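Each remark here refers to the structure printed beneath this line.
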Amino acid sequence: MDKIKAYAKADPRVHRGVPEFLDSKGFSEDAIGALLEFDMALFRWRRMAERGEFKGKVLENLDEKLDPAMLQGLLSVAQIGSGLGRHAAQEPTIGLVADVMAVDPSRASRIVAGLVERGFIMRSAAQDDARKSILTLTPKAGAFLRQFTLSKWHIMSDVFGAWEADEIEVFSRLMRRYVSDVVRVVSEEKDPTPEAEKT
């Protein structure tokens with residue numbers, strides 16, 4: 001347990017019985033140490049994401065500057081319209097943007113209004129309901145998103161530049177597996193239907 005004791009000095013959360021809990025679940029000492037290291041790495045990543053450091057670096061050399069909320073709003077419209085991370089592509093609306101951004105519709109409406117004013121988004125009435133606005137990316141938005149994507153991959157290429165191809169492949173495969181399993185476990189916890197009733 002020497003390795004785990006070393007992590008306890010760096011992360012006070014370890015004192016709260018985490019190693020003992022993982023041991024009771026059947027994880028080996030090496031696995032427990034690796035999981036604690038992974039948790040610390042995730043903590044550092046979340047802190048950087050919360051501060052907007054990565055996106056800030058991506059935006060550094062772009063022609064247009066968007067504050068974090070407007071950038072997230074624009075990315076949300078693009079994701080909804082393309083179906084990225086969703087079951088299928090949909091016509092973006094303020095309600096869907098609010099859902100993706102996890103903000104209330106009035107906040108999403110203000111963000112969209114700012115994007116319309118800046119020329120990134122156009123509104124048009126839905127064919128089935130004139131009261132509902134469909135959001136469409138403008139050519140300006142398309143150009144910005146192309147720049148944004150290339151800037152992101154410029155940074156990513158620097159991050160992975162010294163990695164071997166097999167390291168990238170293994171990391172990608174395991175990261176996809178991790179995300180998939182997190183989604184599965186979280187989804188199961190949200191579903192109150194007993195297993196017997198699902199069949």
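Note that the structure is predicted; figures quoted are calculated from it, not measured. The first residue in the sequence is number 1, and the count goes up from there. All values below were derived from every heavy atom in this structure, side-chain atoms included, with hydrogens, water molecules and symmetry-related copies excluded.
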> For atom CD of Glu91, is the number of surrounding heavy atoms from other residues, nucleotides or ligands below 6.0 Å larger than 12?
Replying inline: no
> Side chain of Thr149, backbone of Leu145: donor and acceptor closer than 3.5 Å?
Replying inline: yes
> Do any N or O atoms from the side chain of Ser82 and from the backbone of Ala78 form a donor-acceptor pair under 3.5 angstrom?
Replying inline: yes
> Strictly by modelled atom types, are Asp30 and Ser28 linked by a side-chain donor-acceptor pair under 3.5 Å?
Replying inline: no
> Rounded to the nearest 0.5 Å, how far apart are CD of Glu64 and NZ of Lys140?
Replying inline: 4.0 Å
> Are Lys57 and Glu53 close enough for a salt bridge, meaning some N to O gap below 4.0 Å?
Replying inline: no
> Looking at Ala89 and Gly81, what are the two nearest heavy atoms and their distance?
Replying inline: CB-O, 3.3 Å
> Where does the angle between the aromatic ring planes of Phe160 and Phe171 fall among parallel (under 30°), tilted (30 to 60°) and perpendicular (over 60°)?
Replying inline: tilted
> Yes or no on side chain to side chain contact (heavy atoms under 4.5 Å, CB included) for Tyr178 and Leu42, after CA distance, side-chain angles and deciding distance?
Replying inline: CA-CA 12 Å; Tyr178 167 72; Leu42 278 183; 3.3 Å; yes
> Roughly how far, to the nearest 0.5 Å, is CG of Leu137 from CE of Met122?
Replying inline: 9.0 Å
> Linking I/L/V/M/F/W/Y whenever their side-chain heavy atoms sit closer than 4.5 Å, directly or via other members, would Leu71 and Met48 fall into one cluster?
Replying inline: yes
>> Donor-acceptor check, side chain of Ser109 to backbone of Pro105, threshold 3.5 angstrom: yes or no?
In response: no
>> Using every non-hydrogen atom in the two residues, find where Ser76 and Met101 come nearest and quote the distance to one decimal.
In response: OG-CG, 3.3 Å
>> Distance check, rounded to the nearest 0.5 Å: Ile134 atom CD1 versus Ile94 atom CD1?
In response: 10.0 Å
>> Counting C-beta onward and ignoring hydrogens, is there a side-chain heavy-atom pair between Phe54 and Val58 closer than 4.5 Å?
In response: yes
>> Is it the case that the side chain of Ser187 and the backbone of Val183 share a donor-acceptor pair, with hydrogens and angles ignored and the cut-off at 3.5 Å?
In response: yes
> Going through the distances and angles, do Phe144 and Leu59 end up as a side chain to side chain contact (heavy atoms under 4.5 Å, CB included)?
Replying inline: CA-CA 10 Å; Phe144 173 85; Leu59 290 167; 3.8 Å; yes
>> Please tell me whether Phe148 and Trp153 are part of a single hydrophobic cluster in this structure, the criterion being side-chain heavy atoms less than 4.5 Å apart.
In response: yes
>> Checking side chain to side chain contact (heavy atoms under 4.5 Å, CB included) between Leu135 and each of Thr93, Leu96, Val97, Ile80, which is the one that passes?
In response: Val97
> Can you check whether Leu75 reaches Lys55 side chain to side chain, under 4.5 Å on heavy atoms?
Replying inline: yes
>> Would the distance check show the side chain of Thr138 and the main-chain N or O of Phe120 forming a donor-acceptor pair, the cut-off being under 3.5 Å?
In response: yes
> When you look at CD of Glu50, are more than 12 heavy atoms from neighbouring residues, nucleotides or ligands closer to it than 6.0 Å?
Replying inline: yes
> Looking at Ile111 and Gly73, what are the two nearest heavy atoms and their distance?
Replying inline: CG2-CA, 4.1 Å
> So if you build clusters from Ile, Leu, Val, Met, Phe, Trp, Tyr with side-chain heavy-atom gaps below 4.5 Å, do Val179 and Phe38 land together?
Replying inline: yes
> What about Leu84 and Val100, same hydrophobic cluster or not, with Ile/Leu/Val/Met/Phe/Trp/Tyr joined at side-chain heavy-atom distances under 4.5 Å?
Replying inline: no
> Is a side-chain donor or acceptor of Ser157 paired with a backbone partner of His154 at a separation under 3.5 angstrom?
Replying inline: yes
> How far apart are the closest heavy atoms of Ala69 and Arg107, and which atoms are they?
Replying inline: CB-NH2, 3.4 Å
> Are Arg110 and Ser106 close enough that some pair of their side-chain heavy atoms sits under 4.5 Å apart?
Replying inline: yes
> Which heavy-atom pair separates Leu115 from Leu74 by the least distance, and what is that distance?
Replying inline: CD1-N, 3.6 Å
> Is any side-chain heavy atom of Leu36 closer than 4.5 Å to a side-chain heavy atom of Met40?
Replying inline: no
>> Please say yes or no: joined through hydrophobic side-chain contacts below 4.5 Å, possibly via intermediate residues, are Val159 and Trp45 part of one cluster?
In response: yes
> Looking only at heavy atoms, which two atoms of Lys65 and Glu60 are closest? And how far apart?
Replying inline: NZ-O, 2.7 Å
> Do Glu188 and Arg184 meet the salt-bridge criterion of a basic N to acidic O distance under 4.0 Å?
Replying inline: yes
>> Just checking Arg173: does its CZ atom have more than 12 heavy atoms from other residues, nucleotides or ligands closer to it than 6.0 angstrom?
In response: yes
